[in-house]
Every structure is written in structure tokens, then in C-alpha cells.
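Heads up, the thing below is written out as C-alpha cells.
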Amino acid sequence: MASPTPRYRFAPSPTGYFHVGGARTALYNWLLALQNDGVFVLRVEDTDESRNHPQWTQGITDALGWLGIDSSDSHFEGPYFQSSYAAEHVAAAEAIFVAGHGYYCDLTTEQIQERAKASGLNGYDGYSRDRGLGPGPGHVLRFKVPAGQTVVHDTVRGEVDFANDTIEDFVLLRSNGSPVFLLANVVDDIAMNITDVVRAEEHLPNTPKQQMLWNALGSPPPRWAHVPVLVNEQRKKLSKRRDKVAVEQYRDEGILPEAMVNYLMTLGWAPHGDTEIVPWSHIVEEFKLENVNHSPAFFDVKKLNAFNGEYIRMMSLDKFIEACQPVLKSEQVPWPPERFNPDVFNSIAPLVQTRVAVLAEVPALVDFLFMEEPPIDDAAFTKAFGSDWACPTLVEIATRYETCAWSVDVLKTEVEAVGAKHDLKLGKLQGPLRIAITGRSVGTPLFEPIELLGRAESLRRINSAVQRASR
RNA sequence: GCCCCCAUCGUCUAGUGGCCUAGGACACCACCCUUUCAAGGUGGCGGCACGGGUUCGAAUCCCGUUGGGGGUGCCA
């Protein structure tokens, strides 16, 4: 028997959102597809037509594309969503009924609860199993859970046993005749020749039901793999409402896709060796689903940022400048766009590159070069000009700057000369100058930007700071 | 309630019975370098949840306890 091409199914998330946890599961699926010459199958499934599907699926495929996952061949809107497919799901349910694996029941939810209360047992008790009911108004079709055990073979977790008598006879067809998601899911998997289902561990408890359905429908179940969920600092599953969970947010902040992918992969898994920063090709080579951890992982933005900083520093200068473009042209930028000067930015870029973890931090390091009046940090200003030497030395520097040669080296030695006179170290002496020029107490090395700013503008800013200090 | 999963530094992990005095990464701290801030370098702090077994030997295997998470709909 020839083994079929593996088809790895990825569904964004049960709530229909491509959050970071889903991104990781997508990565696992993608990886497996690459390693095993298989196909990555993205399937969006939802019966709620109120969700805007074209827009929603577009968002997901965009995010996948950003992560480097090609979903073009496999993108698929779940048949379940399209009402025309409902017939197939109903037909499958009816086949189950005909084969004797299901039965109809007319009990209402209230009646079921009453019976459960009276008997002390949990959930539905199989009351209608042998009543021989047929389809009809108010009748649901339930699956007849067989006696015995269901064992799920899971690539990540090994064998997981479920006693069938702890699983109640679940609904396949609602009383209005519509199929239930669980059923539709299995029918679609079979229709799409899915061989491997890789998803989050929250689905594990429902897996025996699905597996029984596969068997009842006469198909050997797929290989299952339930990977751990991602949690927040409260150890709760990442939730859209409470946590920063959308991949796009990280993209917009200037996280690089390589860093995102690399970090996501270290959640639940680690490459061999003393470094976790490894290229995707290495991951493809080494990753094994069998080696994935069993416990939930906390999504640590600090570590993500650290990874991102590493990736930024690994870039060539040209690449870095290129990567900065979106964030420099964003509408959020504090300077008027027409004042932006690419040449100036490119000159300062090497000094910026080692100082940012995410690209979104870039504008704040260079804004003073492009703004007419950079805002001044009051607290920093007060502190820097609090000493009695601040103004006099700054005036001296200004005097020297009026006539000296305009180059980084000279600008620096002039300040050092003033420092020597007053017995002040450069580190200290440059404080007021830095505030005057940049408005802040920290930033890139100072003399490069002064050179870029030019003599007239630099002197203007120094004088304006001196005036401000003497008020 | 019932069912399932999980348990190594603060966090992410390595570890598959002796190479473990438990290794790395992020974070944190100190020092070096230094033009502030970074980057870089060196070092430090810090962990096998608990209790029983099995074994010559347990982070590793088994049982239990505790703690966390998830599932359990005529939701998806």
C-alpha cells in the first residue's frame, strides 16, 4: 500500500483568529509539510456568516505570508461554511444512523438535566438508545458511543486512553436538521484526504469523539498531534480580549518575521547547542514533532524583543536601512514628512542599529534631526542644567563651534578642551549639550548628529537652550 | 461533578537510569570597555513541587498527593 502524500491540516483557532499560538501551530504544520514532502492545508471553518470571511481569511493568509508560510495552494474555506456542503454532512450523519451507530432522541435540554439530576449521573444517559425513534420535528440524531476504550495515538503525547463510558452520546444533527461542527470537521477532513492533524492541546479531550466518527465513517483516523497551548503570565490560554495576540501587531511594531518565527519555535522546543538563535533552514532540518514539549509555554515579549535585537544587529547596514523604511514613513512619525532626509538618516543608521530591539524604536532615536523644534524632556533638562558649570561651559563650547572646523573629530576635541579647562570629563560635560541638541539625556553618540545638523542649526539650538536655562 | 493533559532556575528550555556538583537562552546583578545610552566581553544570582516505591544507582521509571491548565452545548 503506497503511503499517500501527507496533508497537514491547520485551522487558525477555534475562535477564528490567527493569534500567536495559532501562528506557532501553523509553523509546525508548515515545517512538517516541508520535511515530508507534504501539503500544508489551511482550513477556515465557521458557520457564523456574520463574520466577514473574505476579509478575515485575507488577514490570516497575509499573516502566514509574513511568517514565510506559503498557503496559496492550500487555502481553503471550510465546506462547512458553505451551506451547499451541509448536505454532505447530513448525508454522512444519515449513513451513521443507517449503519446502526446513531439514533434519534426527542429529549429537551431541560429533560436531560432533570434525568441527570435524578440519577446522579452526569450528562445525557442514553435514554433513547433503544426507543427506535426516527427523524422528526424536535428530534436530534445522537452518536451511539460504543462500549470499551478509545485510544488516541498522539505524536506529541504518546497514547492517551479514554474510557468510552465517560463520553456521552453526543449530537450529530440538531433538531433543525443542521450538522454539528464536530461531525462536519471529520467529514471535511475525510473529503480533503487529511492525514495529519496538528493542533493545540485544547482539542485533545474531543479527539476520541472525532476518532469514533472516522471509524464509523469507515476511514482510518489521521495521525494526531496535540501541541501545548501558549499562555499569559497568569498561565491562562492566550486570549484575544486580554492579551496582545495578533501577529499583525508584532509586525507593525517592527518585529522581523525571522525573529518571530525563531522565537515561536523555541516555545515547546529547542534546537541543540548553546544558542537558540538559529535560521529557519536549521529548524527545518532538526525539528521533530516527537520532541515537542508537553507543557504550556508563556509567551515572553521581552525575549521576543531580545531575539529581534539580535536579528537587527545581524543585518547588513543596507538591509537595516531598508527594514526601517516602513517605520520612517509611517504616519506616526513625529516630524513633518517633507523634512525627512534619507541621506542624513543613512549616515546615522549604523549608530541606531545597535540601539534598538524593535524597529518602532527607531524614530525616537533620530527625530531631533528632522524636527524644527525637538521637544525637550523637562526633567532631563532641569537635571542637566542644575549644576553651575552647565551654562558657562556650554557657552564656551558654542563660541568654539562658531569658528572650528566642522567634523566629528574636531567637534569632539573642542568639547574635550573645554572639559580640560574645567576639569570635567567628557561624559559629564556633554550632558547639557546633548539636551540642547536632541532634547533628551540619552541617545546615539553625540558628535555625529551634530555634524549632520550643521553649524547654524546646532548653534541655534545651543543658544536657545542657554536662554531657556537662564529664565 | 466527571474526563483529559501538564509539572526542571522568575521565564523558555537541555535532559529518554550512571557522563548531573543539573547545561543553555531571556531577564536580573556586578565588573571591563566606553562619549550618554546601547552593543560587546567576563563573572554572578537562581531550579528538578511533595511523599512513597523500583534500582547498586532516579530530574529521568511506577504509584499517590498537591498545584496548574483544558474539555465536558441542539457554540465554533
Side-chain angles (χ1 to χ4, degrees), chain A residues 11 13-16 45-48 51 78 80-81 105 107-109 112 116 120-124 138-142 152 154 156-157 160-163 165-168 170-178 180-182 184-185 200-209 226 228-229 231 233-237 263 266-277 291 293-307 309-310 313 351-357 365 380 384 412 415-416 419 425-431 433-435 438 440-448:
Chain A
S13 98
T15 48
E45 16 199 39
D46 206 322
T47 49
D48 184 353
R51 292 189 229 255
Y80 190 40
F81 172 62
C105 174
L107 255 42
T108 62
T109 310
I112 292 168
L121 264 39
N122 314 298
Y124 181 71
H139 293 193
V140 299
L141 178 63
R142 286 181 180 272
V152 171
D154 190 286
V156 173
R157 280 149 216 278
V160 187
D161 295 355
F162 296 85
D165 58 15
T166 64
I167 302 171
E168 65 181 38
F170 52 95
V171 170
L172 261 23
L173 251 31
R174 302 187 186 96
S175 57
N176 67 4
S178 65
V180 135
F181 173 77
L182 192 78
N185 206 287
E201 69 173 312
E202 60 201 280
H203 295 284
L204 188 51
N206 279 323
T207 305
K209 293 181 190 174
H226 289 91
V229 293
V231 296
E233 47 278 78
Q234 278 96 240
R235 298 253 121 210
K236 295 255 185 346
K237 201 172 75 168
Y263 174 66
T266 67
L267 263 19
W269 180 80
H272 291 302
D274 281 353
T275 175
E276 295 182 330
I277 307 283
N291 296 337
N293 236 39
H294 296 186
S295 47
F298 167 62
F299 186 84
D300 186 357
V301 177
K302 268 191 177 173
K303 189 161 176 178
L304 203 216
N305 286 349
F307 271 44
E310 291 269 349
R313 276 170 256 125
L351 301 178
V352 173
Q353 192 172 0
T354 57
R355 266 159 261 260
V356 293
L365 278 174
K412 185 183 170 194
V415 175
E416 281 170 338
K425 288 205 165 164
L426 182 55
K428 216 169 183 184
L429 186 56
Q430 69 160 345
L433 179 59
R434 179 179 289 279
I435 295 279
T438 72
R440 296 198 186 85
S441 58
V442 298
T444 64
L446 189 53
F447 302 105
E448 286 82 353

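These values consider heavy atoms only, across backbone and side chains, with no hydrogens, waters or symmetry-generated copies. Proteins get letters first, then strands, A, B, ... in listed order; numbering begins at 1 in each.
- The ring pair (Phe, Tyr, Trp, His ring centres under 6.0 Å) check on A/Tyr124 picks up nothing, with sequence neighbours excluded.
- At a threshold of 4.5 Å between non-hydrogen side-chain atoms, the residues A/Thr438 and A/Leu446 count as touching.
- Nearest heavy-atom pair across A/Ala200 and A/Val229 is CB-CG1, 4.0 Å.
- Listed here is the closest heavy atom pair of A/Leu267 and A/Ala297: CG-CB, 3.9 Å.
- Taking the C1' atoms as reference points, B/U72 lies 36 Å from B/A14, given to the whole Å.
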Quiz prompt | Stepwise side-chain contact (heavy atoms from CB on, under 4.5 Å) test for A/Leu426 and A/Lys412 | solution = CA-CA 9 Å; A/Leu426 182 55; A/Lys412 185 183 170 194; 3.7 Å; yes
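- Within the nucleic acid shown, A/Glu233 has no heavy atom closer than 4.0 Å to any nucleic acid atom.
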Self-check item: Sugar-phosphate or base contact per nucleotide [nucleotides 28-41 of chain B; S, B, -; heavy atom under 4.0 Å]
Solution: -------BBBBSS-
Could you go through nucleotides 44-47 of chain B and list every protein N or O atom that sits under 3.5 Å from one of its N or O atoms, giving the distance for each pair?
none

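- Residue-level contact check: A/Val171 touches the backbone only, with heavy atoms under 4.0 Å from sugar-phosphate atoms and none from bases.
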Quiz item: In B/S/- notation, 5' to 3', how is nucleotides 8-14 of chain B contacted by protein heavy atoms closer than 4.0 Å?
Solution: ---SBSS
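- No engagement by A/Leu172 is indicated, since no non-hydrogen atom pair under 4.0 Å with the nucleic acid exists.
- In this entry the distance linking CZ of A/Arg157 with C1' of B/A7 reads 13 Å, nearest Å.
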For nucleotides 2-4 of chain B, list the nitrogen or oxygen atoms of the protein found under 3.5 Å from its nitrogen or oxygen atoms, one pair per line.
unit_1, atom_1, unit_2, atom_2, d
B/C2, O4', A/Asn122, ND2, 3.3

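- For A/Phe307, the ring pair (Phe, Tyr, Trp, His ring centres under 6.0 Å) test picks out A/Tyr263, with sequence neighbours left out.
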